[in-house]
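Remember, it's a predicted structure, so these values are computed and weren't measured experimentally. Throughout, protein chains are lettered first and strands after them, A, B, ... in sequence-line order, and every chain is numbered starting at 1.
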Number of protein chains: 2
Amino acid sequence: MVNQAQKSDAAVQIFKALADPIRLAIIQYLNQLDHEVACGEVGRAMHISKTSGSYHFKILQEAGLITVNKVGREKYVQLDRSTFDHYLTHFWQNL
Amino acid sequence: MVNQAQKSDAAVQIFKALADPIRLAIIQYLNQLDHEVACGEVGRAMHISKTSGSYHFKILQEAGLITVNKVGREKYVQLDRSTFDHYLTHFWQNL
DNA sequence: TACATAGTTCAAAGGTTTTTGAACTATTAA
DNA sequence: TTAATAGTTCAAAAACCTTTGAACTATGTA
């Protein structure tokens, strides 16, 4: 079992990942589509550079907010709703 | 009515306010007590300086996560649960 | 093979957030 | 009036986050 400090570290990481307008827009976009999409397609929809996209997807993945599926040279991402449920929807239960 | 950009600005502000270990500990503390507490008392419980406390309470207040009630020379704070409900518990409905 | 495409990595630059201590205001109590 | 207490403000420093472009790896296609 993880201790209190580790629990709040994870929460801080998730809230940091959510605390950015680009990443929130990505989440919104992935939520609407509700299926796997290639990073490149999301990046183009957000009007951001490849490098910036790569940076933001890494932060979302490390926070556990998206899952990643590499197929050929493309990386398909989608929301990991269980993480949102744990830290947002059930915030008070898991605080 | 606010537009989409304003909505996500507010969300970013709330997630930034949550994205800090001290502020998350303050929220945890206020949640357990579940009543007004003076800033000074919270600050002492968190082992932070007056200045640091003042800084963090300001961020929590500006995000709408706490309400403030000044009585004499003391400032009593408590959680504003409606903001947590809106941005966390009902995250998907308000995205 | 050669070329194109998807995505990563790196370091530098710029921007933002947090901590610090000293000086401050406002209120209370002796 | 004097001293103590609660909290704020300020500027400087330190720490941290984000963007940028160039160079890179890996894969797919002609």
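- If you check the side chains of Gln78(A) and Tyr76(A), you find no donor sitting under 3.5 Å from an acceptor.
- Contacts of Phe84(A) classified as ring pair (Phe, Tyr, Trp, His ring centres under 6.0 Å), with partners at least two apart in sequence or in another chain: Phe91(B), Trp92(B).
- Ile48(A) comes within 4.0 angstrom of no nucleic acid atom, judged by non-hydrogen atoms across all strands.
- Comparing Ser49(B) and Lys16(B) by the nucleotide of DNA chain C that holds the closest heavy atom to each, the one mapping nearer the 5' end is Lys16(B).
- A straight line from CG of Leu18(A) to P of dC17(D) spans 15 Å, rounded to a whole angstrom.
- In this structure, the CG atom of Leu24(A) is 17 Å from the P atom of dC17(D), given to the nearest Å.
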Within the 4.0 Å limit for protein heavy atoms, which parts of nucleotides 5-11 of chain C are touched? Write it as a string from 5' to 3', B for base, S for sugar-phosphate only, - for none. BSBBBB-
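- Side chains of Lys50(B) and Tyr55(B) form no contact here, defined as non-hydrogen atoms less than 4.5 Å apart.
- The nearest whole Å value for the distance from the NE2 atom in His47(A) to the P atom in dT19(D) is 15 Å.
- Side-chain contact between Arg81(B) and Asn31(B) is present, with heavy atoms from C-beta onward closer than 4.5 Å.
- Remark: His56(A) is in phosphate contact with dT19(D), judged by side-chain N or O atoms under 4.0 Å from OP1 or OP2.
- Just one residue in the list Val68(A), Thr67(A), Asn69(A) forms a side-chain contact (heavy atoms from CB on, under 4.5 Å) with Val77(A), and that residue is Val68(A).
- When rounded to the nearest whole Å, the span between CG of Leu60(B) and P of dT18(C) equals 10 Å.
- For the side-chain contact (heavy atoms from CB on, under 4.5 Å) with Ile66(B), the qualifying choice from Asp80(B), Leu30(B), Ile27(B) is Leu30(B), the only one to do so.
- As a whole-Å value, the separation of Glu62(A) CD from dC17(D) C1' is 14 Å.
- Across the protein-nucleic acid pair, Ile59(A) atom CD1 and dC17(D) atom P stand 8 Å apart, rounded to whole Å.
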